[in-house]
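Report on one structure; see the data block that follows.
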Amino acid sequence: MWKRPWTYLEGAVIGAGLVATGEILQLSVGEVAWNLFAYPLNVLLAAVFVSAIILAFVVRKRVYFFRWCATVQAAIPIMVWCAVLTLVMGLSGWMSMLRWWPLVLCYTFMMFVLGMTCLKRLRPFSFAFMLNHGGLFVALLAGTLGNADVQKLRMEVRVGRPEWRAIDESDNSIKELELAVELHSFTIDEYPAKLMLVDNETGKAVPAGKPEQIVIEGSVTGGMLMDWEIEADSCMEMAAQVTDGENKVKYVEWKNMGATTAAHVTAKQRETGEMKEGWVSCGSFMFPYHALKLDERYSLVMPEREPKRFASDVTVYTKAGTVKDAVIEVNKPLEIDGWKIYQLSYDETMGRWSDTSVFELVRDPWLGWVYAGIFMMLGGAICMFVSAGRKGSEQKETLKTSESC
Amino acid sequence: MLNWSHFIYFAVVAVICWTAGAYLSFRERKTGAVYAWTILGLAVFFSFIVGLWISFERPPLRTMGETRLWYSFFLPFAGLITFVRWKYKWILCFSTLMSTVFICVNLFKPEIHSKTLMPALQSPWFAPHVIVYMFCYAMLGAAFVMAVYLLCCRKDKDVTREMLLTDNLVSVGLAFMTFGMLLGALWAKEAWGHYWAWDPKETWAAITWLCYLIYIHLRLKQDADRRVILYVLVIAFCCLQMCWWGINYLPSAQGVSVHTYNME
């Protein structure tokens, strides 16, 4: 060992050394406090790290260790260490490993090796190589060091009451922002109502494991569930539960807050010819759900309708004087003043009648750098796809010539 | 309206076409017929996917059963590309066999699907993200079978040519994996507010990605032990399985992953 040239073995030992050092650090100074790396410390650290790599590269002719760092023999062992430590995290689910010194040190050294390799491959310059390796370096550096500058806030807004305060998710403190959000309306579009059978004893949908459902949509109003032929003769999206003179529950059209979906159903047992009719409803925050008992075994129910789209109609004001009207949806955040505003949640006890919308406000000043890295890697992946097999065909040519010789 | 009960008819016709293509690939001067049969099979199979897409009113990409459908489609597709490019006679046999396995899983153990797609998945990023991954899985699945074949059946012979094919499969597979992963990151930023959150699926994607990188870097040096290299590929494929469906059953990943949609 330690005879030049160093091999994978030396690399593995260096990785083990990093893990040991990391564990000592963990025991002495505690876990890595990522939140301390906030601006301007992270910019300083990034500058120091990159300068260190450049310096190491300049003196590599004199220091064997640095020369070795830019080789495959250095890259593979540290990649294996990183993969193994990440594997431990994947198997155990301990997210706290991200603040575990051995993991942080291994990834840092991998980035050092990556940086050295990038500098080495400036000559001869390879475009694809630089996109792949440089992109990963930039994305990792900006992603890890920039993490402490990411602000994640939670804002609850009620209809008609502009809100400018939000809760910081990292320490639950209340922050006053340079922008205010006014909610005009919050809507939930739902998927069409469904009907299914449940077992009276277990309360579980049947057949067990792969429940059958009828979706009441457009012209489709019926179907078969187990041995029952189901037909919904009327389905109301907005209904209220009322009791008639004989104390029987029925539903009437009612377009008001708290309305529920209800359907009047007739069911016929295919074998015995037994008939049943009655109402089923999924209920709302005002009305309980309502099932129709078919026989000793089964009841017909309407499960809660699944949300298809959440949308908040808002106006956002900034201190600088910008006023922006927008509809914020899941997957369609609003970008304003360096903030991205996401639809996060609503008042779940009210369901589709919620008059409160919960937003997540995210600000990540390093995002541009991370995206630069990501797009470089995307370019690199395209290069890799295009050039795959080129090495193969070259080698095959040499194979052929050597065979014919 | 097309539904899963029609699957068997499309699947049987497609498998027959692919088998015909695979059989003809062993006969000399039948290349045109090989292409025709395989493409016909692909067209039949794809028409089922499109039909399902239309009747579900969403891309069939959500449940395990639906992703298997794409896998069954992309395997013969990847096989055909490999055949066109490198003319390996056995590749279509292999891809047909693998595809049939996945079709059988879908036929005999259906995970029947509800009609709905949750709001976070209604995104233009969704289809490219999963399709790219499916293609990557198909490529890396082929590389895995090559590795097992070389480890078990070709112990002492010169396998330079087969190793080059494996390299190609891994390079293309890894390129697609990188693409799928980064598309996922860009999408996550739009949908969940952050591009990378060490969600269990993301953690396993990182592990898998590192494993395939290790393979590619090991292959840069001609002196590395071939068996070690091939074992890396086997391990990498195991990680890929963990990432793909294993985490649905991993105790430590329960309830925390935004990717486990089929555990309703």
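Each chain gets a letter, A, B and so on, in the order the sequences are listed, and its residues count up from 1. Note that the coordinates shown come from a computational prediction; the quantities given were computed from them, not determined experimentally.
A distance of 9.5 Å separates CH2 of B:W198 from CE of A:M97, quoted to the nearest 0.5 Å. The CD1 atom of B:I214 sits 7.5 Å away from the CD1 atom of A:I76 when rounded to the nearest 0.5 Å. B:K221 contributes atom NZ, which lies 7.5 Å from atom OH of A:Y8 (distance to the nearest 0.5 angstrom). Interatomic distance, B:I247 CD1 to A:L91 CG, rounded to the nearest 0.5 Å: 12.0 Å. Note that CG of B:L182 is 5.0 Å distant from CE of A:M377, once rounded to the nearest 0.5 Å. Taken to the nearest 0.5 Å, the CH2 atom of B:W192 stands 12.5 Å off from the CD atom of A:E360.
Side-chain contact check for A:V370 versus B:W196: every heavy-atom pair is 4.5 Å or farther apart. Contact check for A:M89 versus B:I207: no side-chain heavy atoms found under the 4.5 Å cut-off.
The choice from A:L361, A:V362, A:L87 that makes the most heavy-atom pairs within less than 4.5 Å of chain B is A:L87.
Heavy atoms of B:A205 lying under 4.5 Å from chain A are absent altogether. Contact annotation for A:M110: only side-chain heavy atoms (C-beta onward) come within less than 4.5 Å of a heavy atom of chain B. Only the side chain of A:Q73 comes within contact range of chain B, judged by heavy atoms closer than 4.5 Å. Contacts of A:N132 with chain B are absent, with no heavy-atom separation under 4.5 Å from either backbone or side chain. Heavy-atom distances place no part of A:L344 under 4.5 Å from chain B, backbone and side chain included. Only the side chain of A:L136 has a heavy atom closer than 4.5 Å to any heavy atom of chain B. Residue contact with chain B, scored on non-hydrogen atoms closer than 4.5 Å, is absent for A:C383.
When all heavy atoms of A:I374 and B:A185 are compared, the closest pair comes out as CD1-CB, 4.3 Å. In terms of heavy-atom proximity, B:H217 sits nearest to A:V72 at O-CG1, 3.5 Å. The two residues A:A381 and B:A175 make their nearest non-hydrogen contact at O-CB, 3.4 Å.
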Walk me through whether B:L186 and A:F375 qualify under side-chain contact (heavy atoms from CB on, under 4.5 Å). CA-CA 10 Å; B:L186 296 176; A:F375 281 108; 4.0 Å; yes
Worked check of side-chain contact (heavy atoms from CB on, under 4.5 Å) between A:T86 and B:W204: CA-CA 8 Å; A:T86 316; B:W204 280 96; over 6 Å; no
Working for side-chain contact (heavy atoms from CB on, under 4.5 Å), residues B:I216 and A:M384: CA-CA 12 Å; B:I216 286 190; A:M384 195 162 149; 3.6 Å; yes
Let me see the working for A:K340 and B:E190 under salt bridge (Lys or Arg N to Asp or Glu O under 4.0 Å), right down to the final yes or no. CA-CA 9 Å; A:K340 274 187 178 234; B:E190 287 306 296; 2.6 Å; yes
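Under 3.5 Å, the side chains of B:W125 and A:N331 contain no donor-acceptor pair of N or O atoms.
In terms of modelled atom types and a separation under 3.5 Å, the side chain of A:Y342 and the main chain of B:K189 share a donor-acceptor contact.
Within 6.0 Å of CD on A:E304 lie no more than 12 heavy atoms contributed by other residues, nucleotides or ligands. The 12-atom threshold is exceeded at CZ of A:F137, counting heavy atoms of other residues, nucleotides or ligands nearer than 6.0 Å.
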